[in-house]
Amino acid sequence: MANDINEIIAALGQELKAPINAITSFARLLCNTDDPAKKRRYADIIQSNSNLVQSILDDMLENAGNGNVQAPAPESNHETVAIPMQQDEEDDNIGLYTSPHKDKSERPTLLVAEDNESNYFLISSLLEDDYNLLHAWNGREAVEMFSEHRPDLILMDINMPLMDGYEATRNIRQLSETVPVVAVTAYAFASDRTRIMESGFNSYVSKPINADRLIAEINRLLA
Ligand code: MN
């Protein structure tokens with residue numbers, strides 16, 4: 001059966017979305033930091049994701065050359081971006097960085113529930129200068145950390161082990177009717193958005209995370 005060209009383009013777009021988003025997000029972070037250790041780390045991430053984009057395109061073009069165009073194999077996790085392991089000896093400059101931003105005690109505290117390490121790294125890189133961050137690795141931890149620390153706002157992944165974002169939000173709503181909870185989700189369908197908005201969340205931002213949209217949404221809800 002001949003592949004439907006629209007399906008191929010859609011699959012390719014899905015495959016490229018996360019690495020391209022990582023390249024643009026970390027390029028922006030690279031321009032905004034003076035910390036040499038952070039600059040190196042962000043540049044490594046940009047490099048890895050550029051390589052990933054290149055290899056996805058090379059595979060496609062090679063198959064096309066063989067008259068054998070196929071949609072890329074479904075990616076196991078579209079949320080994942082390539083983040084190289086950090087090398088310990090490159091950490092020596094981290095202590096020199098002083099944030100130009102608000103005093104720590106004046107910053108709002110955000111609880112970020114996210115089970116994927118590279119997603120959390122992107123979120124924390126975007127937000128760590130302006131907010132105090134708490135990280136929960138699953139929904140159950142999110143509920144516990146909410147009741148202990150009472151953060152000002154919650155960013156909630158939907159797909160997480162032990163307890164998903166829907167159930168965690170239901171539990172948190174019993175502790176607070178007012179704390180803003182933002183779903184951060186790869187879901188794209190209107191039905192998913194409807195379910196999110198009916199499940200106690202205040203709003204959602206979609207993955208891959210757009211830095212401007214995420215920050216605007218946080219500022220809107222904290223205003
Ligand atoms: Mn997840």
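All values below come from the heavy atoms of this structure, side chains included, with hydrogens, waters and symmetry mates left out. First listed ligand is number 1; within each ligand, the first listed atom is number 1.
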For the CG atom of Asn159 and the CG atom of Asn138, what is their distance to the nearest 0.5 Å?
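Interatomic distance, Asn159 CG to Asn138 CG, rounded to 0.5 Å: 13.0 Å.
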
Just checking: Asp157, one of its N/O/S atoms, less than 2.8 Å away from the Mn ion (ligand 1), yes or no?
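Within the cut-off used here (under 2.8 Å), Asp157 does place an N, O or S atom near the Mn ion (ligand 1).
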
Any N/O/S atom, side chain or main chain, of Asn119 closer to the Mn ion (ligand 1) than 2.8 Å?
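For Asn119, the answer is no, given that no N, O or S atom comes within less than 2.8 Å of the Mn ion (ligand 1).
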
Parallel under 30°, tilted from 30 to 60°, perpendicular over 60°: which one fits the rings of Tyr166 and Phe201?
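Plane angle over 60°, so perpendicular.
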
Do the side chain of Ser25 and the main chain of Ala22 share a donor and acceptor less than 3.5 angstrom apart?
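Answer holds: no.
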
Between Arg220 and Glu217, does at least one N-O distance fall below 4.0 Å, as a salt bridge requires?
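Counted as a salt bridge, because a side-chain N and a carboxylate O are separated by less than 4.0 Å.
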
At the Mn ion (ligand 1), what is the angle formed between atom OD1 of Asp115 and atom O of Asn159, rounded to the nearest 10°?
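Taking the Mn ion (ligand 1) as the apex, the two atoms subtend 90°.
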
